Amino acid sequence: MTPEEFRTAGHALVDWIADHRARLADLPVRAVTSPGEVAAALPILPPDGVEPVEALLADLERVVVPGITQVQHPRNFGWFPANASLASALGDLASTGLGAIGLSWQSAPALTEVEEVVCDWMRRLTGLSPAWKGVIQDTSSTAVLVALLAARERAGGHCALGGGLQACPAPLTVYTTAHAHSSVVKAVLLAGFGRENLRLVDVDPVSYAMDPAALRRAVEADVTAGRRPAAVVATLGTTGTTAVDPLPAVVAVAREHGMWVHVDAALAGSALLLPEFRWLADGLEPAAGPDGAGGADSLAWNPHKWMGTALDCALLYLRDPEQLVRVMSTDPSYLRSAADGRVTQYRDWGIPLGRRFRALKLWFHLRLDGVEAIRARLRRDLDNARWLAEQVTADPEWRVLAPVPLQTVCARHQPPGLPADDGDALDRHTLAWVEAVNASGRAFLTPAQLDGRWMARVSVGAEPTEREDVAALWELMRTAARDAG
Ligand SMILES: Cc1ncc(COP(=O)(O)O)c(C=O)c1O
């Protein structure tokens, strides 16, 4: 494709995307295809010759759009907000269009330095001290893996350089809660700690946040048994209920035992953009003073969730990036340059060698949408979630099941005729009415289990969601629950 052909096709595609976003509200929210239907609509071989861009756009319309749950839809309340702001989409296009490759600073100095600057902008915007240095990873899943690799090596005396984990004198243990994201468990396994060395610490039964006294007991039991506590992963905004682990108390326990503290704020990090939500990060910073004791070691959060920078864009901040570099640095001769030693080599801060110019989408997002508009949207969503929680609480057949510190409301309907102790029947009822809402195509929310029983999670925060959308969802929920009961 020549640049001129790209210009023509690109304009057609941008027009198509703009039209698609403009009519989203009229589409069903949940994907309407059955398993195999998308694949069956495509030829078994690609065409031999050239196709016009119109043919591709027609297939986007015919095959792809029905095969997508429209998470940019104003009535999407499923999972977590996965906003892909159009401003950041332009940045992504610029990144791919430039075709830069981040192998070393020398391969694209701007790729490294825009990333450094944008990470620092985000640090300032979220109120973090200059003690933190940032890098953009693809996802929070990668960020927690990278953090746990560094934690493993620090606790194990950098055993990977010798006999690896098998040479560690004592088993290394990791602590989190059952409410942490599944990516934490995955990272523990991938980093080689082993499931037997993962402790799921008890949570407070009301807030679902980590119980620091239980953390202390678990750590001390391991020490007594000759194990070496290596890391704790605390969550600000758990996936199920947005519970906030008590960071000051968690950090205090971890520090006594020289453990790494990783903070997973994948969703809640966006709220740190709001000064009134900075309390979320209490305990994150080292103490003021010469020894700078305390604080966490790493923090990850996703602009690609609620804030709305298109996936994939996860910020990872570290107090001491050398801990990563020591574990992950590579120095092949073909990547050396005269700038080495004076510049950041981001390949040593993570797993891939070839890095995309991800900073551009965050840069475009901040500059084209503006920080104040992003903050106003987050405040609107928090307000809408509070409003919904009030409606649910006011209805005697409904319950809000967990505190609502952020934008997610966990709710359950108890039909009047159903015995309160028939949990299985209640589960069937919950799943039936949630499915009725989702099958209607008029809104989408995801059921999840809490204390072993199904509930509905209403995650407010799609970019175009206004109060009238939340009110329409609440009406749909009540109708569906009444009809299912
Ligand atoms: C608390 C939490 N941590 C981590 C993740 C994983 O994020 P990612 O998809 O960026 O790996 C999620 C995803 O929803 C999450 O809710």
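What you see is a predicted model; the values in this text were computed from it and never measured. Remember, it's 1-based here, ligands and their atoms both numbered in the order they're listed.
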So, do Ser141 and Lys186 sit near enough that their side-chain heavy atoms are less than 4.5 Å apart? no
I'd like to check which ligand 1 atoms, numbered from 1 as shown, lie under 4.0 Å from a non-hydrogen atom of Asn302. 7 (O), 8 (P), 10 (O)
Between Arg216 (side chain) and Asp211 (backbone), is there a donor-acceptor pair under 3.5 Å? no
Atom 3 (N) of ligand 1: which protein heavy atom is closest, and how many Å away? Asp264 OD2, 2.6 Å
Per atom 16 (O) of ligand 1, closest listed option by heavy atom (Thr239, Leu267, Val144, Leu145): Thr239
Is there a donor-acceptor contact under 3.5 Å from the side chain of Arg347 to the main chain of Trp105? no
Can you name the atoms of ligand 1, numbered from 1 with element, that are less than 4.0 Å from a heavy atom of His304? 10 (O)
Where Leu272 and Phe277 come nearest, the two heavy atoms and their spacing: CD2-O, 3.8 Å
Between Ser140 and ligand 1, find which residue part has any heavy-atom pair under 4.0 Å and reply side chain, backbone, both or neither. both
Are the side chain of Gln407 and the backbone N or O of Ala385 linked by a donor-acceptor pair below 3.5 Å? no
Between ligand 1 and Thr235, is the shortest N or O to N or O distance under 3.5 Å? no
May I ask you to check whether over 12 heavy atoms, not counting those of Arg453, lie within 6.0 Å of atom CZ? yes
Distance filter under 4.0 Å to Ser183 heavy atoms, resulting ligand 1 atoms: 4 (C)
Quick check: are there more than 12 heavy atoms from other residues, nucleotides or ligands sitting under 6.0 Å from CZ of Arg326? no
Is any NZ, NE, NH1 or NH2 atom of the basic residue among Asp312 and Lys361 found under 4.0 Å from an Asp or Glu carboxylate oxygen of the other? yes
Is any side-chain N of the basic residue among Asp383 and Arg380 closer than 4.0 Å to the acidic one's carboxylate O? no
Could you identify the single nearest non-hydrogen protein atom to atom 11 (O) of ligand 1 and state the distance to 0.1 Å? Ser141 OG, 2.5 Å
Thr238, any N or O under 3.5 Å of ligand 1 N or O: no
For atom 6 (C) of ligand 1, what's the nearest protein heavy-atom neighbour? Residue, atom name and distance, please. His181 CE1, 3.3 Å
Please indicate whether any nitrogen or oxygen in Lys305 is less than 3.5 Å from any nitrogen or oxygen in ligand 1. yes
Gly237 near ligand 1 by a heavy-atom separation under 4.0 Å: yes
Is the Trp398 ring parallel, tilted or perpendicular to the His413 ring (thresholds 30°, 60°)? tilted
Relative to the heavy atoms of Phe80, which atoms of ligand 1 are at a distance of less than 4.0 Å? 14 (O), 16 (O)
Proximal ligand 1 atoms for Thr139, defined as those under 4.0 Å from one of its heavy atoms: 8 (P), 10 (O), 11 (O)
Give the contacting part of Ala266 toward ligand 1: side chain, backbone, both or neither, where contact means a heavy-atom distance below 4.0 Å. side chain
